[in-house]
Number of protein chains: 2
Amino acid sequence: MKVLNKHTDYAVRALIALGMKPGSRISAKTLSEEQGIPYQFLRRILQELIRNGLVSSKEGAGGGVALARDPDEIRVRDVIEIFQGSVQVSECMFRKQLCSNRANCVLRHEIMRIERMVNDEFAKVTVGKLIADLKRVEEARAGVQVQE
Amino acid sequence: MKVLNKHTDYAVRALIALGMKPGSRISAKTLSEEQGIPYQFLRRILQELIRNGLVSSKEGAGGGVALARDPDEIRVRDVIEIFQGSVQVSECMFRKQLCSNRANCVLRHEIMRIERMVNDEFAKVTVGKLIADLKRVEEARAGVQVQE
DNA sequence: ACTAACTGATACTAAATTGGTATCAGAAAT
DNA sequence: ATTTCTGATACCAATTTAGTATCAGTTAGT
Ligand code: FES
Ligand code: FES
């Protein structure tokens, strides 16, 4: 059972890649080659990110895409929301047997609690944070290589 | 994006229903009617629960199913595991660009953290707990009705 | 012994979702 | 003009999900 699908996965990777080259526009083609993401698929993902204001674009030759916001203001949760809809643990089904009314459905209660937790966690993870982590790891690795 | 599918959902509801009538065997047919779960679908779900030792069964006339364990020892997480496999936030894809080696992949790191959290939360919720909550709510409601 | 009420096992299906491709139109740079 | 890009959208195959159907075997009651 995978929580994140390819859309979300690729979107996050693309956002990280964009965030690591701040200021510069990158074409979808270049991005797709660098990240090994199928071109047409990435195109559609980027267009969705653009529509939702996470990424800005410029048409025509020399055009491309760039982050439209501070990486710290882009939450993985936002990306999930765009491509998979908000995280729901289970749909409500208003079962007469188990819950006479929705307000006091036990299942729903438990489920909503976990739902909130998951959402909060994904909201804590921003593209900025991932980039920072990534850079830290890369520097550490570079350090090790020098010592070898 | 739903985290729990119908298999898990129905399974949990069935387990709750069984747990509320301790000792007695119930036929899949009765259960399906009481809970409004499609009969053949419920049958398959029950068989899976039986195979995994959460439910015991008796064949033939007068047969049926019953919980095979203490409701407090049946975790929603176990049910998820049976029908949806263990909760994974994202599959690992060992992308050369983002993670030179798997041990220090940032994405993976964050994702595993959330994965663990979700799994732990679902492990905390047992059928016994849900039944207790349900009974509490029902008693409260009965009390209100008396006062009316 | 017969029958009705059950479970075990498993094959099948329709519809939705997922992951990916292809195409065409239009914008900007050279 | 031509090349390089995005915008929009239609299409597609494979998988998953949710549900159905069937047949064989077991047990209880008569
Ligand atoms: S399942 Fe929706 S109110 Fe209980
Ligand atoms: S995605 Fe698997 S190691 Fe990074």
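For B/K6, taking side-chain heavy atoms from C-beta onward, the closest of the listed nucleotides C/dT7, D/dG19, D/dT6 is D/dG19. When distances run from any side-chain atom of A/Q40 to the nucleotides D/dT6, D/dT20, C/dA22, the shortest one goes to C/dA22. With distances taken from any side-chain atom of A/N5 to the nucleotides D/dT26, C/dA9, C/dT18, the minimum falls on C/dT18. With D/dT6, C/dG20, D/dG25 as the candidates, the nucleotide lying closest to the side chain of B/E59 is D/dG25. Nearest to the side-chain atoms of B/R43 among the listed nucleotides D/dT6, C/dA9, C/dG19 stands C/dA9.
Across the protein-nucleic acid pair, A/D9 atom CG and C/dG19 atom P stand 9 Å apart, rounded to whole Å. Residue B/R13 contributes atom CZ, which lies 13 Å from atom P of D/dA18 at whole-angstrom precision. Regarding A/H7, its NE2 atom lies at a distance of 12 Å from the P atom of C/dT17, rounded to whole Å. At whole-Å resolution of the value, CZ in A/R25 and P in C/dA27 are 17 Å apart. Here D/dG19 presents its C1' atom at 13 Å from CD1 of B/I37, a figure rounded to the nearest Å. Atom pair B/Q84:CD and D/dT17:C1' shows a separation of 10 Å (rounding to whole Å applied).
Of the charged side-chain nitrogens involved, at least one lies within less than 4.0 Å of a carboxylate oxygen, so that A/D9 and A/R13 count as a salt-bridged pair. Between A/E34 and A/K21 a salt bridge is recorded (basic side-chain N to carboxylate O distance below 4.0 Å).
Of all non-hydrogen atoms in A/L31 and A/I26, the two that sit nearest each other are N-CG2, 4.0 Å. Pairing each heavy atom of B/I16 with each of B/I131, the nearest pair is O-CD1, 3.8 Å. Smallest separation of non-hydrogen atoms from A/A11 and A/V79: CB-CG1, 3.6 Å. Contact detail for B/E110 and A/D133: the closest heavy-atom pair is OE2-OD2, 4.1 Å. Contact record, B/N5 with B/Q84: N-OE1, 3.1 Å, taken as the closest heavy-atom pair.
Close to D/dA18, at under 4.0 Å from its OP1 or OP2, lies no side-chain N or O of B/Y10. Between A/K58 and C/dA29 there is a side-chain polar atom (N or O) within less than 4.0 angstrom of OP1 or OP2.
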Distances for protein N/O vs nucleotides 1-4 of chain D N/O pairs under 3.5 angstrom?
from: D/dT4; atom 1: O2; to: A/A61; atom 2: N; distance (Å): 2.7

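Using cut-offs of 30° and 60° for the angle between ring planes, the A/F41 and A/Y10 rings count as perpendicular.
Taking a 4.0 Å limit (strictly below) on heavy-atom distances, residues 44-57 of chain B reaches DNA chain C at B/R44, B/Q47, B/I50, B/R51, B/S57.
Comparing A/G63 and A/F41 against DNA chain C, the residue whose closest nucleotide sits nearer the 5' end is A/F41.
Looking only at atom types and distance, the side chain of A/S86 has no donor-acceptor partner in the side chain of A/E81 under 3.5 Å away.
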